[in-house]
Amino acid sequence: MSAHNLLDDIERVLISAEQLQVRVAEMGHQIRNDYDGREGEMILVGVLKGALMFMVDIARHIDLPLSIDFMAVSSYGASTESSGIVRILKDLDSSIEGKHVLVIEDIIDSGLTLSYMLDNLRSRNPATLAVCALLDKKERRTAEVKVDYVGFVVPDEFVVGYGLDYNQLYRNLPFIGVLKPELYSS
Ligand code: IMP
Ligand code: MG
């Protein structure tokens, strides 16, 4: 094994593992209170792969009967900019018609991916459709989308960890950090 340490690639920690856990629990409890007592089924739709860690953590704080499903979409190549082209790589396993759908996303950047996904999901006639994002890179928004639950607003920097990747790496860091710029400037 090489002596390469993931931490060596991180310029600074933006949100610590502890801060993430506290905020995710808070969000889960808020969602629980908001959805409690609704008629009909609730389903969490996680957007792969970035929302994976957030999904499994927040789901455990929403003390309600619910099902979970995943969707995979691609708007990114290997670069750090949204192309605006969204493809469904993996669709939901079951129908969301008449259900209370809560989309779980890692980060909203331009909003293009989410905007496309919401149009697509809306056409399947859910009872309600809402969005819960861990991170919001507000200054970069170009598509108009309503995000119902936001964990943290982050500055316009490329972040990795807790599910978020750069070229498929760094998802397994337990915190959200900023990559050393020299690692993606080339
Ligand atoms: P959007 O379509 O520009 O909003 O891009 C959203 C998607 O791009 C997110 O779901 C992430 O997968 C990815 N993304 C955007 N910003 C970052 C970042 O800073 N780090 C890692 N992935 C990001
Ligand atoms: Mg994503």
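For ligands, and for the atoms within them, numbers begin at 1 and follow the listed sequence. These values consider heavy atoms only, across backbone and side chains, with no hydrogens, waters or symmetry-generated copies.
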Would Y149 and D34 satisfy side-chain hydrogen bond (donor to acceptor under 3.5 Å, both in side chains), going step by step from the backbone distance to the final call? CA-CA 11 Å; Y149 304 92; D34 292 353; 2.5 Å; yes
Does any N or O of ligand 1 fall below 3.5 Å from an N or O anywhere on G111, backbone included? yes
Judged on heavy-atom distance to atom 21 (C) of ligand 1, which of I176, V159, V178, I108 sits nearest? V159
A student comparing D156, I107, D109 should find that the heavy atom closest to atom 9 (C) of ligand 1 comes from I107
Salt-bridge test for R124 and D91: reply yes if a basic N is under 4.0 Å from a carboxylate O, no otherwise. yes
Quick one: do D148 and K146 make a salt bridge, cutoff under 4.0 Å? yes
Tell me yes or no: between the side chains of H4 and D9, is some donor less than 3.5 Å from an acceptor? yes
[X] neighbourhood, listing ligand 1 atoms whose heavy-atom distance to it stays under 4.0 Å:
X	answer
E105	10 (O)
S110	1 (P), 2 (O), 3 (O), 4 (O)
T113	1 (P), 2 (O), 5 (O), 6 (C)
D165	21 (C)
E157	19 (O)
L112	2 (O), 4 (O)
K137	16 (N), 17 (C), 18 (C), 19 (O)

Parallel, tilted or perpendicular for H29 and H61, by the 30°/60° rule? perpendicular
Partners meeting side-chain hydrogen bond (donor to acceptor under 3.5 Å, both in side chains) with D69 (sequence neighbours left out): none
In the structure I gave you, are the side-chain heavy atoms of I104 and V45 within less than 4.5 Å of one another anywhere? no
Answer yes or no for L114: is there a heavy-atom contact with ligand 1 below 4.0 Å? no
Flag, side chain of R23 to backbone of V150, donor-acceptor distance under 3.5 Å: yes
